[in-house]
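Below is one structure; the comments refer to it alone.
Per chain, numbering begins at 1; letters A, B, ... match sequence-line order.
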2 protein chains.
Amino acid sequence: MDEAEQAPPEGGERSRVAAAVPARSAVPAQPSSARLSGSSPVAGRPVAGTPVTSTGRAVSVSRAAGIKEVAAAAAVSLGTVSNVLNRPQLVSPRTRARVERAMEELGFVRNESARALRAGSSRILAYVMLDPSNPFFTDVATGIEEVAAAADLSVFLCNSGEDAAREARYLDLLLEQRVQGVLITPVDAVNERLRTLPARGTPVVLVDRVAGAGEGCSVSVDDVLGGELAATHLLERGHERIAFIGGPDTLNQVRDRRAGALRALERAGLPPDRLTVLATGALTVAEGRGAAERLVGLPAARRPTAAFCANDLIALGLLQMCVRLGVAVPGDCAIVGYDDIDFAAAAAVPLTSVRQPRYLLGRTAAELLLDEANNPAHEHQAVQFTPELAARASTVG
Amino acid sequence: MDEAEQAPPEGGERSRVAAAVPARSAVPAQPSSARLSGSSPVAGRPVAGTPVTSTGRAVSVSRAAGIKEVAAAAAVSLGTVSNVLNRPQLVSPRTRARVERAMEELGFVRNESARALRAGSSRILAYVMLDPSNPFFTDVATGIEEVAAAADLSVFLCNSGEDAAREARYLDLLLEQRVQGVLITPVDAVNERLRTLPARGTPVVLVDRVAGAGEGCSVSVDDVLGGELAATHLLERGHERIAFIGGPDTLNQVRDRRAGALRALERAGLPPDRLTVLATGALTVAEGRGAAERLVGLPAARRPTAAFCANDLIALGLLQMCVRLGVAVPGDCAIVGYDDIDFAAAAAVPLTSVRQPRYLLGRTAAELLLDEANNPAHEHQAVQFTPELAARASTVG
DNA sequence: CCCCTTCAATGAAAGGTTTCAATGCTGTGA
DNA sequence: TCACAGCATTGAAACCTTTCATTGAAGGGG
């Protein structure tokens, strides 16, 4: 029932935009219901999405001052102003003060394009991410930003939205920008552009993917081990029939985590058919809910007593449906997720999950990138971290 | 209990970094447990965070080719190459083909710094966001990106992390980059730099904040109305004692939403003391859990039968704790959240929530920005949208 | 057969900064 | 008093592209 509400979360709104705003106009024509926001509260209740606006005049401005104007105002040469900006210790305190005052007065802002042009590269790193709404990636991004800030670089986040074309567009753009380096969680394994960037002198580090030979640096987490940890945990708690829920199988993460679960069974001396694989079409909450119904539908004799989900979103969907169907967690069905996103601990039954060192992933990736950019003796590395299990109530009843 | 696990999610990892990596080195020294990833699976099980690495030689590259080299290779002038790039219709097909082949062969990549320098502005928009891990803001960002893509611009996301200093750093950076415009959800209401940007010719649009007079454009949602919707919904379902959970009070959103709830009470002819305010220190899941305990601790006679939470994170925490304490939702306590993030519908009991037009917020903000950047007759607008209620099981039992 | 128009291509200037060799100045040691 | 070291400052070149007025060539009309 709430499926329908959730699926196209704001479809209605968007079509309303189309209705209110002629497609070509840069700014919405104001519908008749528009009000000055200074006036009293809106009478009646407009449909969601109906904008209420107030307007005001735009103020025009004088043209930007450059280093040249500053030099003139301070009665020094161009070179001196540049020195104040870049090598202040070379400038006598007196002159420096004069120049700085001139900058202040003129509202001088250094033109980064000119700087970058002359210097040959910018002070920027970029992280091209799959999905900024996945907390996993934003944590990675935070790690990256910490390292970058320490090196006095800034990070621009680019959202590929799991779309190879958008990813390619961003990579081209970043190349043209001559960024210092690119961190990327690529959409597909094979990406020709990921080879051209390093060939053009822009270092690239793969995040959450393992670089093949000659592919440069990468930072990832051992998903096979993670799967093994999860399954071993369930085995240790006495479960002997386990479901693996996840897909599509094209994702490395899914394959590796399942392989890890199988390895755990093998170590425990159990046959592989004790792992019931329920394939999903994506790693989403909705797919998790669907899997729950399939799981419950299995004949009791063969029904697993525990489920290992390929990520936390699936696990949360599964959990939600179990609660609704009256399946006790962990009594009737223990659940392990993967990623340990914040919402995992915050679920109605706190979720046991495999935790990946997210900040550290980001930090290390950024460190490798900086090394590649600055250290001529740089050697490519494929760093792989090990995950750990966060046991919570969904398995430890 | 799981609080402790959640609070510093990866504190341990970080300190491990510090141990493994001398603070000054750009790249982690490899601990002795490092292995070539090509070799057989790791023996034993290293602590989470211990990296396993493989290495390879970095490949050096030839220097980048410019427009000049292309011109030479194609035996044409600089200007012609530039025309191929920017005004291809002016170039005869024959020459154009020749130039394009030369570009291909030399691996030419346009230097955006030089282009921007000459042209005076870049093809980039930026969205400075409070918190990319809040799904609300990533949805806004998606809306922005759609509009930008249609105008052939790219969007860089900047994460201020609710830190005014970082925000200021990014704004300076963007100014130096001469971006086409800046969209921002500012950290505080008063921000001197937000006035200097427009004064230097970079248009700014406030997102999820209302611009004061002379402050430029803004796009926001009517939080008072949202609060009123939420409370009215509860009143209509027969609840006469309602809790408002949220804080800190310094946040506009919190104050407005509470004011809306009071307005609803007033309209229903109920005294304001029917709204029990439980203040929280932040809008987080953990605070929501804490509020649940306070709520349950109230004497039965005065205990509200429903709660309106200032955002969904609080509501999810409250919901989680209710489930754990055996308080039936919505039977004993109905819950309404705010923002309608995806996890709201995915909770164990799907959450009724106030939905804001997130994509539309982003789209409209971007459209206003583009208008301000390109239309000399631009007039500042403070657009305000109206929210709507998504009723789900947490109130509709 | 010449002039004029049209289309393609050209070459030089400009944009704002950094870099660096060169200049001018001050003060020191002989 | 002179030579020189050391420091502060200077001026011009370089970075790579875009723009635009100009040139050159080809074709059509008188």
Chi angles and distances behind the side-chain contact (heavy atoms from CB on, under 4.5 Å) call for B:M103, B:L85: CA-CA 10 Å; B:M103 288 188 186; B:L85 285 170; 3.7 Å; yes
Please report the distance, rounded to the nearest Å, between CG in B:L117 and P in D:dT18. 11 Å
Rounded to whole Å, the CZ-P distance (A:R123 to C:dT17) equals 17 Å
Which one, D:dT18, C:dA9, D:dT9, comes nearest to the side chain of A:V91? D:dT9
Respond yes when some side-chain nitrogen or oxygen of B:R115 is under 4.0 Å from OP1 or OP2 of C:dG15, and no when none is. no
When the distance from CG of B:L78 to C1' of D:dC15 is rounded to whole Å, what number comes out? 13 Å
Taking C:dG16, C:dT10, C:dC20 as options, the one with an atom nearest any side-chain atom of A:R87 is C:dC20
B:N83 CG to D:dC16 P: how many Å, rounded? 20 Å
Picking from C:dT18, C:dG15, D:dA8, which would you name as closest to the side chain of A:N86? C:dT18
Round to a whole Å and report the spacing from NZ of A:K68 to P of D:dG11. 14 Å
Should B:R363 and B:E146 count as an ion pair when the cut-off is N to O under 4.0 Å? yes
B:R115 with A:E176: basic N within carboxylate O range, under 4.0 Å: no
So B:S82, base contact, sugar-phosphate only, or nothing? Heavy-atom distance under 4.0 Å. base
Distance test, side-chain N/O of A:N111 to OP1/OP2 of C:dT17, below 4.0 Å: no
Looking only at C:dT10, D:dT17, C:dT17, the nucleotide nearest the A:F108 side chain is C:dT17
5' priority, DNA chain D, between A:G79 and A:L90 [closest heavy atom]: A:L90
Taking OP1 and OP2 of C:dA9, is either one under 4.0 Å from a side-chain nitrogen or oxygen of B:S92? yes
I'd like to know if A:R193 and A:E167 make a salt bridge, using a cut-off of under 4.0 Å between side-chain N and carboxylate O. no
Does D:dT18 have OP1 or OP2 under 4.0 Å away from a side-chain N or O of B:R110? yes
Any side-chain N or O of B:T80 below 4.0 angstrom from OP1/OP2 of C:dT10? yes
Tell me: CD of A:Q89 to P of D:dG6, nearest whole Å? 18 Å
Tell me: CD1 of B:I67 to P of C:dT10, nearest whole Å? 13 Å
Within the pair B:R96 and C:dA8, is there a side-chain N or O less than 4.0 Å away from OP1 or OP2? no
Can you tell me how far P of C:dC7 sits from CZ of B:R94, to the nearest Å? 19 Å
salt_bridge(A:E112, A:R123) N-O dist < 4.0 Å: no
Residue pair B:V76/B:R118 against DNA chain C: nearer the 5' end by closest nucleotide is B:V76
Under a 4.0 Å N-O cut-off, is there an ion pair linking A:E100 with A:R96? no
